[in-house]
*Asks:* 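One structure, pasted below without further comment.
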Amino acid sequence: MSSRFTLESFEAPDPKSAQLELDPEEFENARLAAFEKGYSAGWDDAVAAQDAEMTRLRADLGQNLQALAFTYHEARQNVLEALRPLLVDMTAKVLPMVARQALAPVVAEQLMPVAEKLSGQPVTVVASPAALPQIRDLLSGETRLPLSFIAEPSLAESQVYLRFADTETQIDLDGVIGAIGEAITTYFQVKQEEPHHG
């Protein structure tokens with residue numbers, strides 16, 4: 001009984017016998033398949049890299065927007081806190097002075113629309129003794145209504161009552177100033193009680 005074994009040859013191959021011959025059509029198909037496979041792998045890598053970059057950019061943008069919002073909130077709070085004493089001082093000192101200077105024109109402004117309707121009916125102007133001379137001087141030149149003036153020591157310098165035959169109108173610039181001061185105080189109290197978001 002005889003068996004055949006094929007033993008591996010360690011001799012250098014003959015270059016002529018090592019050549020593989022392919023049909024040109026098969027070669028072209030193999031070349032196109034290899035190109036397609038490489039192109040597809042490259043495309044997949046590019047898409048994956050782009051997705052990773054977009055994810056990183058979104059995360060960076062989110063962090064930057066959060067930091068910017070926090071910085072804006074901090075800057076806004078600092079500006080408001082710096083303005084607070086100024087607003088309180090203006091309400092306490094500047095507005096009362098402005099109100100005293102504006103009282104006579106405000107009284108005249110209130111009287112002008114009424115003057116046409118009243119046609120000769122008397123109007124009594126009640127004001128503090130300190131404000132009355134300025135109001136009298138301004139109104140005497142502004143209207144032909146029959147006016148009478150009463151000094152009332154219990155009124156503040158920026159309070160005036162206009163009494164007509166059957167109605168009365170109050171001008172209270174002190175009340176307006178008080179409402180402004182209260183609004184400022186309330187605003188800052190609410191701001192201090194708000195939770196800070198970091």
Side-chain angles (χ1 to χ4, degrees), residues 1-103 105-106 108-110 112-113 158 170-198:
M1 187 173 183
S2 71
S3 61
R4 289 184 148 190
F5 292 103
T6 306
L7 298 175
E8 185 177 350
S9 171
F10 292 102
E11 295 177 1
D14 182 13
K16 290 180 183 174
S17 65
Q19 287 183 350
L20 178 66
E21 289 195 25
L22 288 176
D23 179 32
E25 189 177 322
E26 284 180 20
F27 176 74
E28 187 61 26
N29 288 341
R31 189 180 72 78
L32 285 175
F35 176 79
E36 188 67 33
K37 186 176 178 183
Y39 180 82
S40 178
W43 184 259
D44 290 345
D45 287 348
V47 167
Q50 184 179 14
D51 287 347
E53 182 66 12
M54 288 301 290
T55 301
R56 186 188 66 76
L57 288 174
R58 280 191 200 105
D60 288 352
L61 180 61
Q63 287 175 347
N64 288 338
L65 287 176
Q66 257 185 339
L68 183 61
F70 183 71
T71 303
Y72 168 78
H73 179 74
E74 260 187 344
R76 183 173 179 269
Q77 281 303 112
N78 289 338
V79 168
L80 287 174
E81 284 301 321
L83 284 175
R84 182 180 186 173
L86 174 66
L87 293 173
V88 170
D89 278 355
M90 283 180 63
T91 304
K93 298 172 185 170
V94 177
L95 287 182
M97 183 180 69
V98 170
R100 281 193 297 276
Q101 293 173 355
L103 183 62
V106 168
E109 186 181 306
Q110 291 292 316
M112 290 306 127
S158 58
Q170 179 187 18
I171 299 170
D172 184 8
L173 298 183
D174 279 347
V176 173
I177 293 168
I180 292 170
E182 189 176 321
I184 290 170
T185 302
T186 302
Y187 175 81
F188 283 104
Q189 283 175 347
V190 167
K191 283 292 171 194
Q192 285 177 344
E193 292 168 8
E194 281 180 358
H196 294 286
H197 302 290

*Asks:* Kindly list each side-chain donor-acceptor pair under 3.5 angstrom involving residues 44-53, sequence neighbours excluded, with atom names and distances?
*Replies:*
unit_1: E53; atom_1: OE1; unit_2: R56; atom_2: NE; d: 3.4
unit_1: E53; atom_1: OE2; unit_2: R56; atom_2: NH2; d: 2.6

*Asks:* So which pairs with a foot in residues 27-38 pass salt bridge (charged side-chain N to carboxylate O under 4.0 Å, His left out), sequence neighbours left out?
*Replies:* E28-R31
*Asks:* Under the side-chain hydrogen bond (donor to acceptor under 3.5 Å, both in side chains) rule, collect the residues that match up with N29, sequence neighbours excluded.
*Replies:* none
